[in-house]
Amino acid sequence: MSILNRFLGRLLSSMIVLIGVSMLIFFIARIIPGDPARIALGPRATEEQVTQMRETLNLNEPIIVQYGLFMRDLARGDLGISLYSNRPVITDLAEYLPATLELVLFAGVMMVAFGLPLGALSARYRGQWPDSLIRVITLLTVSAPAFVWAVGLVLVFAYFTPLFPITGRISDAMTIPHVTGFLLIDTLAAGRFDGFLSAIHHLILPAFALSLSGIGQAARLTRANMITTYEQPAIEMAQAYGFSEARIANRFAFKPSLIPSLTIIGLDFAALLGNAFLVEVIFAWPGLSRYGVGVILQKDLNAIVGTVLIISATFLIANIIVDFLVSILNPRIRLSENRS
Amino acid sequence: MKRAIYILLSNPLSILGLVLVGLVFFCAAFADFIAPYPEHAGAVINFAFANKPPSAEYLLGTDVVGRDLLSRIIYAYQVALGMGLVVLLIAPPIGVALGLIAGYIGGWTDFVLMRITDIFLSIPPLVLALAIMGVMEPTLINAMLAVTAMWWPWYARLVYNITRGEKVEGYVLAAEVIGASKAHIMFREILPNCFPAIVTKMTLDFGYVILIASSLSFLGLGVQAPTPDLGSMVSEGTRYLPDSWWMTVFPGLAIMIAVFGFNLVGDVLRDVLEPD
């Protein structure tokens with residue numbers, strides 16, 4: 001199967017899953033809570049207002065028809081109006097998603113940059129003290145929720161030793177024209193290198209707090225994969241040839257283990273997206289979290305459905321990208337492409 | 001089994017894990033006897049002693065309304081373990097049954113059941129629980145339901161994969177040839193071979209359920225005041241950082257101790273029960 005076919009296949013199955021997600025979340029939002037019109041209007045609304053609201057929300061139609069109408073609007077990019085902000089849900093999402101994505105992507109990079117080398121080191125010294133040490137550390141990192149790490153890091157590196165800012169995305173004194181909403185891109189586009197540095201400075205603590213458990217996961221996984229590779233005859237052959245341990249670790253054990261590790265790390269992206277909610281609260285990060293928690297507390301059904309959909313879509317897209325990268329990295333898939 | 005216990009008891013890490021898990025269960029079981037101020041688990045207000053740093057009288061300090069943090073943490077373990085027990089009593093049986101059926105029967109049953117599982121798995125874990133809590137009232141029971149809803153698909157996936165592998169083994173074919181019923185083959189022949197993986201996952205998951213539950217209540221969507229809960233305690237405390245650091249640090253450490261304990265035990269258990 002060529003890379004393109006593989007890619008299209010993944011895209012198609014992801015679309016089907018996303019439609020499934022939309023059904024699931026739509027039905028959760030319609031079935032569980034009682035009367036959505038009553039919830040939208042609050043307890044003080046009159047019967048008449050509720051009846052009218054039921055009419056505008058199409059609540060008198062059978063649920064299948066309601067879902068059909070919802071999908072029709074969704075196809076036009078319309079997720080309804082948020083009761084929380086009184087704006088179209090899609091506008092809200094477009095405003096808050098970039099900040100969250102920037103944080104999550106930065107955390108994802110940290111996860112790979114720290115997790116893979118740690119795991120490789122652990123496997124290289126398997127059974128010796130560096131391995132035990134790394135195993136305990138990585139087990140610790142996955143043992144606390146992201147908000148606990150966030151609190152710990154803020155206390156140590158922002159309050160007690162003021163190395164990093166406590167809250168926000170960029171220094172208050174700077175105003176960067178809004179283009180993409182990604183500050184790392186917008187600052188560069190505006191030629192503001194100081195702004196770029198400030199944005200990175202603000203990103204480091206929250207992204208590290210967010211990535212810590214992912215670093216642990218990635219390291220444990222890389223270790224496990226590498227140890228499996230170490231048991232293969234190729235390693236013994238390399239040892240017999242007299243390659244140095246470092247060279248064997250890097251070239252013969254780490255590289256073949258990279259592909260399965262990357263695939264699973266793509267799945268860990270889901271945890272990053274979910275945990276971003278926790279980290280954003282601590283750092284007053286103006287992302288989807290504040291909005292998400294706000295709409296949940298307000299029982300703003302349109303916005304809840306929209307938020308879950310956009311997060312799931314992001315997760316599925318991330319996995320397609322990882323799958324694509326893996327198929328480029330994987331010689332078996334890459335070479336079969338050239339041969340055909 | 002004997003070998004598993006022997007290895008658990010000969011590895012210093014798993015001993016530490018067992019000690020931590022034991023400590024947490026002990027706190028939860030005997031909260032009434034060991035908590036220095038049992039009445040502080042409720043809505044007690046004691047402004048004279050509000051916001052006190054750790055001292056001989058209040059070992060871990062007090063919160064904003066003057067309740068002893070140590071006592072509240074001890075009682076919060078009851079809530080956390082209760083949550084873990086309920087979720088792990090409901091979610092694994094559902095997931096295991098569906099995974100067995102999908103994996104063994106195959107065909108359309110497989111396709112439909114596993115696509116439903118995929119749908120649940122493609123909503124990031126915390127987000128699904130948040131969405132469910134969003135449309136329901138934030139109570140302990142609903143929080144348990146929300147976490148259960150996000151948990152069963154992982155067991156379905158796990159058991160499905162094992163079942164697919166076991167299905168073609170000789171012992172299954174033998175049972176089929178002598179005319180054993182499908183139910184017998186699934187639950188009597190294949191299921192026992194899934195147990196090591198299930199037990200390992202449940203041990204690790206006990207910690208993760210505590211972690212997710214505390215995350216929900218941290219966001220204000222789980223257990224409600226005055227029930228003591230580790231996540232809500234951290235959340236309350238963050239407003240008084242950095243001066244009253246003990247209000248966030250100790251409940252945070254309490255979560256970590258419990259989850260770390262389960263992780264240590266689960267990790268060693270995995271090495272023993274699933275040697276590959």
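Side-chain atoms are counted along with the backbone in the values below, which use heavy atoms only and exclude waters and symmetry mates. Below, chain A is the first sequence line, B the second, and so on; all start at residue 1.
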Out of B:L219, B:V127, B:L211, return the one with the most heavy atom pairs under 4.5 angstrom to chain A. B:L211
Residues from residues 212-219 of chain A approaching chain B under 4.5 Å (heavy atoms): none
Using non-hydrogen atoms only, which part of A:V136 is less than 4.5 Å away from chain B: side chain, backbone, both, or neither? both
Proximal component of A:I25, with respect to chain B [non-hydrogen, under 4.5 Å]: side chain
Answer with side chain, backbone, both or neither: which region of A:F269 has an atom nearer than 4.5 Å to a non-hydrogen atom of chain B? neither
At a 4.5 Å cut-off on heavy atoms, which part of A:F315 comes close to chain B: side chain, backbone, both, or neither? side chain
Taking atom OH of A:Y159 and atom CH2 of B:W245, what is their separation to the nearest 0.5 Å? 15.5 Å
Which atom pair, heavy atoms only, marks the closest approach of A:I282 to B:F218? CD1-CZ, 3.7 Å
Non-hydrogen atoms of B:P124 and A:S312 that approach each other most closely: CD-OG, 4.1 Å
What residue, out of B:S122, B:G252, B:A131, has the most heavy-atom pairs lying under 4.5 Å from chain A? B:S122
Partner of B:I132 under side chain to side chain contact (heavy atoms under 4.5 Å, CB included), chosen from A:V308, A:I28, A:I296: A:I28
Counting neighbours of CZ on A:R10 that are heavy atoms of other residues, nucleotides or ligands and sit closer than 6.0 Å, is the number greater than 12? yes
So which of A:V151, A:V154, A:L18 has the biggest tally of heavy-atom pairs under 4.5 Å with chain B? A:V151
Could you tell me which residues in residues 255-267 of chain B have at least one non-hydrogen atom under 4.5 Å from a non-hydrogen atom of chain A, sorted by residue number? B:I255, B:M256, B:V259, B:F260, B:N263, B:L264, B:D267
Relative to chain B, which segment of A:V305 carries a heavy atom at a distance below 4.5 Å: side chain, backbone, both, or neither? neither
At a heavy-atom separation under 4.5 Å, does A:L139 approach chain B through its side chain, its backbone, both, or neither? both
Please lay out, stage by stage, how B:F120 and A:V21 fare under the test side-chain contact (heavy atoms from CB on, under 4.5 Å). CA-CA 7 Å; B:F120 275 87; A:V21 170; over 6 Å; no
Can you tell me which portion of B:S214 sits under 4.5 Å from chain A's heavy atoms? Options are side chain, backbone, both or neither. both
Identify which of B:D118, B:I116, B:L221, B:L128 forms the greatest number of heavy-atom pairs closer than 4.5 Å to chain A. B:L221
Pick whichever of A:L316, A:V281, A:L24, A:I311 has the most heavy-atom pairs under 4.5 Å with chain B. A:L24
Near B:W246 CH2, under 6.0 Å, is it more than 12 heavy atoms from other residues, nucleotides or ligands? yes
Rounded to the nearest 0.5 Å, what's the gap from CG on B:L126 to CG on A:L278? Could you check? 5.5 Å
Here the pair of heavy atoms bringing B:S215 nearest to A:F147 is CA-CE2, 3.6 Å
Taking all non-hydrogen atoms of both residues, which atom of A:V17 and which atom of B:I119 are closest, and how far apart? O-CG1, 3.9 Å
Is it true that atom CE of A:M71 has more than 12 heavy atoms of other residues, nucleotides or ligands lying nearer than 6.0 Å? yes
